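Here's the structure we're looking at; comments come further down.
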Amino acid sequence: MSDLFASSEAASFHASPLDSTAFDPATFDPTTFDPAAFDSLETELSFADVDPGEGQRWSTWPAITPSERGPEPWPAWVVTSAGALDTERGILKTGKEADVFLLERAVPGDPSQHTLLAAKRYRSAEHRSFHRSSVYTEGRGTRNTRDARALAKKSDHGREVAAAQWSFAEFEALCRMWELGAPVPYPVQVNGTEVLMEFLGDADGTAAPRLAQVRADRAELQGYYAQVVDLMRIFAAAGFAHGDLSAYNLLVHDGRVRVIDLPQIVDIIANPQGLDLLHRDCVNICDWFTRRRVECDPEELFAEMLAASYT
């Protein structure tokens with residue numbers, strides 16, 4: 001079992017549901033004792049005797065704080081049981097600074113509580129082959145002053161903060177865009193350098209293709225372009241640009257274009273380079289579609305996004 005899984009497993013035991021229902025003899029009132037409550041608790045913990053196997057860990061959901069969980073209401077497919085196990089099902093994508101794994105979260109013996117997730121895990125600064133440019137982080141602030149000082153001093157704590165900085169940035173961006181109705185994967189949770197999100201793909205674990213991989217006729221491509229413009233408009237109306245938009249971080253799932261890779265999302269007002277990055281998104285998208293005989297003009301698209309940002 002990996003160190004990541006071992007630490008997460010230990011954390012889940014510390015967050016056991018028993019912690020919130022500890023028996024206190026001083027306050028126990030036999031007249032109000034409800035056996036059903038204990039029956040319910042026994043049901044919740046009925047899988048506590050199951051030992052995680054190789055490539056498994058206890059679900060990390062109980063170990064994280066509410067602020068590290070996705071927006072409510074949680075979709076029905078989100079498994080919140082403390083008795084769930086996370087099982088590695090392979091790697092979906094390798095990147096310069098993070099890898100994406102296929103994860104199955106399920107309660108043993110309960111087919112109704114089963115889901116596939118995409119687990120994006122950011123590497124520490126020492127193990128990345130690419131470091132995101134500071135152009136994306138201009139205008140951002142670090143809420144925790146201790147973290148800000150540690151980042152400036154590049155202390156051991158500062159390196160730990162830096163390692164998790166992008167995972168929390170992506171999680172917050174996904175939450176914000178999900179709540180605004182943008183077609184992003186639902187963000188399930190963030191835990192250190194790992195972001196768990198909705199898996200976009202088939203039940204057998206086959207991931208949805210990137211837009212760049214989709215073979216489509218001109219009419220279909222025109223429809224995809226209209227969807228991309230719509231999602232860009234949602235971002236712009238909220239004052240943001242994706243910052244690195246291309247046909248390689250757009251997925252096509254069940255005929256719908258979904259946007260991924262959001263850690264570098266840019267505030268187009270607070271960031272001095274914000275408008276330039278928004279313009280670059282427009283150019284990248286129009287260049288790709290133009291080469292496939294879809295008529296579009298990057299300057300017109302940029303003007304449309306500017307208008308949306310000032311609405």
Side-chain angles (χ1 to χ4, degrees), residues 67-72 95 97-98 100 118 120 122 130-143 164-190 195 197-198 200 210-211 224-253 256-289 296-311:
S67 64
E68 295 171 335
R69 295 171 180 162
E72 295 189 61
E97 58 187 23
V100 183
K120 187 171 185 177
Y122 283 86
F130 171 74
H131 296 270
R132 288 189 179 273
S133 169
S134 60
V135 67
Y136 295 113
T137 57
E138 289 188 77
R140 291 185 188 175
T142 301
R143 299 176 189 173
Q165 195 175 40
W166 289 108
S167 59
F168 278 87
E170 178 149 36
F171 180 74
E172 290 178 1
L174 285 168
C175 288
R176 177 72 181 273
M177 292 302 120
W178 173 270
E179 291 175 322
L180 291 174
V184 299
Y186 176 77
V188 175
Q189 66 176 75
V190 61
V195 182
M197 65 189 83
E198 176 185 4
L200 300 177
R210 298 175 184 276
L211 177 59
Y224 292 150
Y225 175 71
Q227 291 188 50
V228 174
V229 172
D230 286 343
L231 71 86
M232 291 179 69
R233 190 182 296 111
I234 294 174
F235 276 62
F240 293 98
H242 183 281
D244 193 29
L245 195 61
S246 75
Y248 293 92
N249 47 36
L250 293 166
L251 306 183
V252 179
H253 184 235
R256 188 184 185 198
V257 177
R258 308 283 287 271
V259 60
I260 59 172
D261 294 338
L262 268 66
Q264 75 294 311
I265 190 171
V266 175
D267 186 317
I268 57 179
I269 302 301
N271 189 312
Q273 308 299 319
L275 292 179
D276 290 336
L277 292 170
L278 174 60
H279 183 263
R280 188 177 71 179
D281 283 351
C282 295
V283 171
N284 288 343
I285 289 300
C286 286
D287 281 353
W288 191 86
F289 277 100
C296 51
D297 185 309
E299 301 308 321
E300 289 183 4
L301 180 59
F302 180 56
E304 183 177 348
M305 295 304 112
L306 282 180
S309 69
Y310 287 102
T311 310

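Each residue takes its place number in the sequence, starting with 1. Every value quoted in this text rests on a predicted model; they were computed, and no experiment measured them.
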Query raised in the report: Does atom OH of Y248 have more than 12 heavy-atom neighbours, drawn from other residues, nucleotides or ligands, at distances under 6.0 Å?
Result: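 Incorrect, the count does not exceed 12.
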Requested in this report: Identify the residue among I234, V229, V228 that makes a side-chain contact (heavy atoms from CB on, under 4.5 Å) with M232.
Outcome: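 Answer after filtering I234, V229, V228: V228.
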Nearest 0.5 Å, what's the [atom1]-[atom2] distance between [X] and [Y]?
{"X": "E304", "Y": "C282", "atom1": "CD", "atom2": "SG", "value": "9.0 Å"}
{"X": "F240", "Y": "D267", "atom1": "CZ", "atom2": "CG", "value": "5.0 Å"}
{"X": "L278", "Y": "S309", "atom1": "CG", "atom2": "OG", "value": "7.5 Å"}
{"X": "R69", "Y": "C175", "atom1": "CZ", "atom2": "SG", "value": "13.0 Å"}
{"X": "N271", "Y": "L277", "atom1": "CG", "atom2": "CG", "value": "6.0 Å"}
{"X": "E172", "Y": "M177", "atom1": "CD", "atom2": "CE", "value": "11.5 Å"}

Would you call [X] and [Y] a side-chain contact if the rule is heavy atoms closer than 4.5 Å?
{"X": "W288", "Y": "S246", "value": "no"}
{"X": "V184", "Y": "V259", "value": "yes"}
{"X": "L301", "Y": "C296", "value": "no"}
{"X": "D281", "Y": "F302", "value": "no"}
{"X": "V252", "Y": "Y224", "value": "yes"}
{"X": "P183", "Y": "V257", "value": "no"}

Indicate the atoms forming the closest heavy-atom contact of [X] with [Y], along with that distance.
{"X": "K120", "Y": "V100", "result": "CG-CG2, 4.0 Å"}
{"X": "P71", "Y": "W178", "result": "CG-CD1, 4.1 Å"}
{"X": "W166", "Y": "P263", "result": "CZ3-O, 3.2 Å"}
{"X": "I265", "Y": "A241", "result": "CG1-O, 3.5 Å"}

**Report entry** Distance-only donor-acceptor check, side chains Y122 and Q165, under 3.5 Å
**Finding:**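 No - no donor-acceptor pair under 3.5 Å links their side chains.
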Query raised in the report: Which class fits the ring pair F235 and H242: parallel under 30°, tilted 30 to 60°, perpendicular over 60°?
Result: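 Correct class here is tilted.
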Side chain of [X], backbone of [Y]: donor and acceptor closer than 3.5 Å?
{"X": "Q189", "Y": "E68", "answer": "no"}
{"X": "R233", "Y": "M305", "answer": "no"}
{"X": "Q264", "Y": "G243", "answer": "no"}
{"X": "D261", "Y": "N249", "answer": "no"}
{"X": "Y225", "Y": "C286", "answer": "no"}

**Report entry** Carboxylate-amine/guanidinium proximity below 4.0 Å for E198 and R258
**Finding:**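 Yes, E198 and R258 are salt-bridged.
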Query raised in the report: Going through the checks in order, is the side-chain contact (heavy atoms from CB on, under 4.5 Å) test met by M197 and I260?
Result: CA-CA 10 Å; M197 65 189 83; I260 59 172; 5.7 Å; no
Report task. Could you walk me through whether L275 and L306 pass side-chain contact (heavy atoms from CB on, under 4.5 Å), step by step? Result -> CA-CA 9 Å; L275 292 179; L306 282 180; 3.5 Å; yes
